[in-house]
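This report refers to the structure that appears directly beneath it.
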Amino acid sequence: MKIYPFHIDDNGILTHTRGDTSQLELNIKIDGVPLNTWNATFSVKHYPDDDSYLYQVDFNQSTPCMITHNLTAELPYGTYWWDIQITYTDDNGNMQYKTIGAFPYVLKPDVTD
């Protein structure tokens with residue numbers, strides 16, 4: 001997993017500065033074998049059990065997850081929750097779902113407009 005300029009610590013806590021443009025890329029392996037075709041959604045909520053999302057970004061093996069300025073620029077800084085849901089079709093033609101998270105998402109304040 002490559003993340004720019006996010007920071008994820010060993011406990012899954014993601015730290016991000018409000019309004020920054022960031023990119024996330026995944027290299028997914030199933031049983032040690034790279035998965036070549038998949039779709040994913042990066043989701044952020046205020047609380048894990050909320051019905052609505054603060055924002056979501058869909059991405060896949062060809063297109064990195066881009067967190068653009070406008071997705072976080074107006075959010076109050078504080079702690080939210082994030083996860084990534086990955087979907088793919090297994091060798092038997094069945095749709096599989098895997099989730100990374102949920103983990104805390106710390107949105108730091110920015111001091112420059």
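These values consider heavy atoms only, across backbone and side chains, with no hydrogens, waters or symmetry-generated copies.
- The hydrophobic clustering, which links ILVMFWY residues whose side-chain heavy atoms are closer than 4.5 Å, places V106 and I67 apart.
- When all heavy atoms of T15 and K108 are compared, the pair lying nearest together is CG2-CD, 3.5 Å.
- Between T72 and H16, the side chains place no donor N or O within less than 3.5 Å of an acceptor N or O (distance only, hydrogens not considered).
- In this structure Q85 satisfies the side-chain hydrogen bond (donor to acceptor under 3.5 Å, both in side chains) test with no other residue, sequence neighbours excluded.
- Looking at every heavy atom in both residues, G19 comes nearest to H69 through O-ND1, 2.8 Å.
- Between T89 atom OG1 and N39 atom CG the span is 8.5 Å, to the nearest 0.5 Å.
- Clustering ILVMFWY residues whenever any of their side-chain heavy atoms sit less than 4.5 angstrom apart, transitively, puts I100 in the very cluster that holds F42.
- Take P48 and apply the side chain to side chain contact (heavy atoms under 4.5 Å, CB included) test, not counting sequence neighbours, and it matches W81.
- Minimum heavy-atom separation, P109 to T17: O-CG2, 3.9 Å.
- Taking hydrophobic clusters as Ile, Leu, Val, Met, Phe, Trp and Tyr residues chained together by side-chain heavy-atom distances below 4.5 Å, W82 does not share a cluster with M66.
- Note on ring orientation: taking the six-membered ring where Trp is involved, the planes of F59 and W38 are perpendicular (angle over 60°, cut-offs 30° and 60°).
- Here the NZ-CD distance, from K98 to Q96, works out to 5.5 Å after rounding to the nearest 0.5 Å.
- Counting only N and O atoms by type, the side chains of N70 and T68 include a donor and acceptor under 3.5 Å apart.
- Scanning both residues, Y55 and L71, for their nearest heavy atoms gives CD2-O, 3.7 Å.
- Here the CD1 atom belonging to I28 is positioned 8.5 Å from the CD atom belonging to Q61, to the nearest 0.5 angstrom.
- In terms of the ring-ring contact (aromatic ring centres under 6.0 Å, His included) criterion, residue partners of H46 (sequence neighbours excluded) are, by chain and number, Y80.
- The nearest pair of heavy atoms linking A40 to I84 is CB-CG2, 4.0 Å.
- With hydrogens and angles ignored, the 3.5 Å screen pairs a side-chain donor or acceptor of D90 with a backbone N or O of N92.
- Note on Y53 and F103: separate hydrophobic clusters, where clusters join Ile, Leu, Val, Met, Phe, Trp and Tyr whose side-chain heavy atoms are under 4.5 Å apart, directly or indirectly.
- Taken to the nearest 0.5 Å, the CG atom of L26 stands 10.5 Å off from the CG atom of N60.
- The closest donor-acceptor contact from the side chain of N11 to the backbone of I13 lies at 3.5 Å or more, if one exists at all.
- For the pair A73 and R18, the tightest heavy-atom approach, listed with the atom from each and the gap, is O-CD, 3.6 Å.
- One distance of note links NZ of K45 with OG of S52; it measures 7.5 Å at 0.5 Å rounding.
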